[in-house]
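This report refers to the structure that appears directly beneath it.
Proteins come first, then strands; the chains are lettered A, B, ... in the order of their sequence lines, and each starts at number 1.
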There are 2 protein chains.
Amino acid sequence: MDYITSVSKPLLVVGIAHGEPIAIFRTFIMKNVSLKDIAQKVGTSISTVSFVLNGKEKQVRISDILAKKIREVAKKEGYLPNKMAIGLKTGKSNIVGLVVDTISGRLFAALAEVIEKELDNHGYKVIYCSTGNNAKKGKELIELLYQHQVDGYMIIPAEGMEKEIGQLEEQGKPLVLIDSYFPKLKTAHVLVDNYGGISDAVDFLVKKQYKKIAFVYNDVAMIQMKERKRAYQEKMKGAGIKPLADWLLKVPFADAGEEQALKIELFLKKVQPDAVIFAANYLGIHGIEAIHNLKLKFPADIGIICFDDHEVFNLHQPAITVVKQPVPELAKTAVAILLAKLRKEPSSAPDAVEIKAKLIERQSTR
Amino acid sequence: MDYITSVSKPLLVVGIAHGEPIAIFRTFIMKNVSLKDIAQKVGTSISTVSFVLNGKEKQVRISDILAKKIREVAKKEGYLPNKMAIGLKTGKSNIVGLVVDTISGRLFAALAEVIEKELDNHGYKVIYCSTGNNAKKGKELIELLYQHQVDGYMIIPAEGMEKEIGQLEEQGKPLVLIDSYFPKLKTAHVLVDNYGGISDAVDFLVKKQYKKIAFVYNDVAMIQMKERKRAYQEKMKGAGIKPLADWLLKVPFADAGEEQALKIELFLKKVQPDAVIFAANYLGIHGIEAIHNLKLKFPADIGIICFDDHEVFNLHQPAITVVKQPVPELAKTAVAILLAKLRKEPSSAPDAVEIKAKLIERQSTR
DNA sequence: CTGAAAGCGCTTACAG
DNA sequence: CTGAAAGCGCTTACAG
């Protein structure tokens, strides 16, 4: 590790706040203060303290003086309830588990921000976990969340998670899937209108007189990708163009980035399409790399359009035309469904929602 | 919501797995099976079951037959230990809390992936939380993690979290800061060599004969940004160039993206530097927008260099020269420090590490 | 070799 | 108006 430039070993710091008098910190120090401690200090019982601190003093008719005293002491001592104990007792955690495929994906980042904010407004915290599209990890994570008594689940499902998701459902756990679902299960889900999005892309390219339109997708055998592919094939046929088998390129999801770019490069070189649809944003990114490497220019040499937007596409010169997923709407809708389930409301809203994607024309098509 | 395209209300699914016989699911169903249940089924005591399931059968000399039986029943019943109960009893959760500023940032995404994998190898799961650079939220999140008996903390500190971080330290909680730290506290931390990184950038530009080098930074009053600014000022002076006050632009972190781009645009228009250093990657992204809007070309009209890499910079044409943070090394080092603390090892490694950044020349400078 | 019992920190009927 | 007590599901000395 010749990387390390400068190191220093800090002093052992015990109870000292550098530059600050220790007394100030003492007041706010987080100790393991329990209800028992407070009860003793105040000279009352644990139950009374619990009632007051949970705002149930009126129901149980505890005197204002006592209640006030209890609150004061709790504050002074810096009481923080032990969530483990509460969870064990009540079976509730006020936590929602969000399971995603990869944490570095754009979809996740955009989703997470909205979901965290929305759920926070309702008193729920979010735990994130990522499966890396690995079935075993997915199973483990769901079990882990289950063991931690998570109240609700939001899952971007991956291959191989069908069984665990089915089990959560059987248990009646509040659960909503995002971005995909398993057709065999009737789990609540919200996702983009994949079929419609790719249909729009094909229509758009056909109207622009593109003829040889290629389609680059991945090997994730989930409904969202299947729908995109189906839309491509049906719409092409509808336009009177029969796409040859070799106009389609399936890039393994697990391949390294450079490997994917290389495969796309070879594909484009061989097939020489006049336009390409990339069925996922990361494929589009690798596609741009490939096109750069081939020294092709777009839209002059080739037209491109990508399903799902990304910062890169907007900033690129020329900017890339995309089919944009309404990610904030997806997130909000999913949260709304989950909240209804958490509240055990007779969900008035539909439990299976598709939201339209929107084609945004930029400069990567003629 | 005219966005909604098609909706359908699934059947109520209770104990039915569509297309699969119910019996198959029954076997694996996640019930709330407890030690007590297993003890009853086997006809032994809770403690014996606990010992066996925790692999302590040898220590306590439980007969192989009994142990085997217990394991069988546990498996058949789908026993999953209640982590709340374990946590309450042991005070351990096997969870590490990772607190970041924003979850959609590149730094977070790259860090999270490495951290999750490394900690997973050691039996720890990760909970992510984001503060949105809001001091109040930061405080709440640390408290929340504390209440959930998290075993260790990895924190990208933001302004206003000093007190809580000091408290964690006083409590002797395993804790390591990433990307920044508070000079007054001696908390373990690992970050990039900010001073060296910007120094290299200035040297590089000076060597390329740039004279009027501007510096765009933000108002986050944390050490990492202060160091970057200090490096700019000192190195410019060292090169015999006295940067005027108006060569520096401080962009409020809280501003919306377009607002930031606009401020940078006006700044560049007014100051007309021949090169700009952007002190954070998102500033560079807004800077590129601004430069596009001004119809300037780089490197012809202006040279640019950005602290911290981003997908956008590599894919942009021309690609942007950057000072790259060694994010995986940061993450690995931080995890190593934290693990030592979790194991209560007399940390042999240094507790304060700076890792060198690396200048990557691309095409945005002449 | 195995079990009864205490206790982690809470909540919440129940009794007074 | 307030307190004693049971119990959530575990772990772990302790006793036999």
Distance (rounded to the nearest 0.5 Å) between A:Met84 CE and B:Ser93 OG: 5.0 Å
Candidate nucleotides C:dT2, C:dC10, D:dT12, ranked by approach to the side chain of B:Val60 - the nearest: C:dT2
Consecutive Watson-Crick or G-U pairs in runs of at least 3, all under 3.5 Å, in which DNA chain D is involved: C:1-3 with D:14-16, C:5-12 with D:5-12, C:14-16 with D:1-3
Validation row: B:Gln59, B:Phe51 side chains within 4.5 angstrom (heavy atoms): no
Side-chain N or O of A:Ser34 closer than 4.0 Å to phosphate OP1/OP2 of C:dC8: no
Proximal nucleotide (of D:dT2, D:dC10, C:dT2) relative to the B:Ile62 side chain: C:dT2
Rounded distance in Å between the P positions of C:dC1 and D:dT12: 22 Å
Nearest listed nucleotide, side chain of B:Leu88, among D:dT2, C:dG9, C:dC1: C:dG9
Side chain of B:Leu35 (C-beta onward), nearest among D:dT11, C:dC10, D:dC1: D:dT11
Closest listed nucleotide, where the reference is the side chain of A:Thr90 and the choices are C:dT11, C:dG9, C:dC8: C:dT11
A:Ser47 vs D:dA5: side-chain N/O to OP1/OP2 distance below 4.0 Å: no
Side-chain N or O of B:Ser45 closer than 4.0 Å to phosphate OP1/OP2 of C:dG3: yes
Atom-to-atom span, NZ of A:Lys92 to C1' of D:dC8 - whole angstrom: 13 Å
C:dT11 OP1/OP2 closer than 4.0 Å to side-chain N/O of A:Ser50: yes
Close side-chain approach of B:Asp179 to B:Met222, heavy-atom, < 4.5 Å: no
Between C1' of D:dC1 and CD of A:Gln59, the distance in whole Å: 14 Å
A:Lys56 vs C:dT12: side-chain N/O to OP1/OP2 distance below 4.0 Å: yes
Closest listed nucleotide, where the reference is the side chain of A:Leu66 and the choices are D:dT2, D:dC10, C:dG3: D:dT2
Residue pair B:Ile38, B:Leu53: steps toward the side chain to side chain contact (heavy atoms under 4.5 Å, CB included) verdict: CA-CA 11 Å; B:Ile38 296 175; B:Leu53 262 24; 4.3 Å; yes
C:dG3 OP1/OP2 closer than 4.0 Å to side-chain N/O of B:Thr48: yes
Non-hydrogen side-chain atoms of B:Arg343 and B:His122 separated by less than 4.5 Å: yes
Nearest-0.5 Å distance that lies between atom CD in B:Gln149 and atom CG in A:Asn82: 4.0 Å
Touch class at under 4.0 angstrom, heavy-atom based, for B:Ile46 against every strand present: base
B:Asn82 vs D:dC8: side-chain N/O to OP1/OP2 distance below 4.0 Å: no
Distance in angstrom units between A:Lys89 NZ and C:dG9 P, rounded: 16 Å
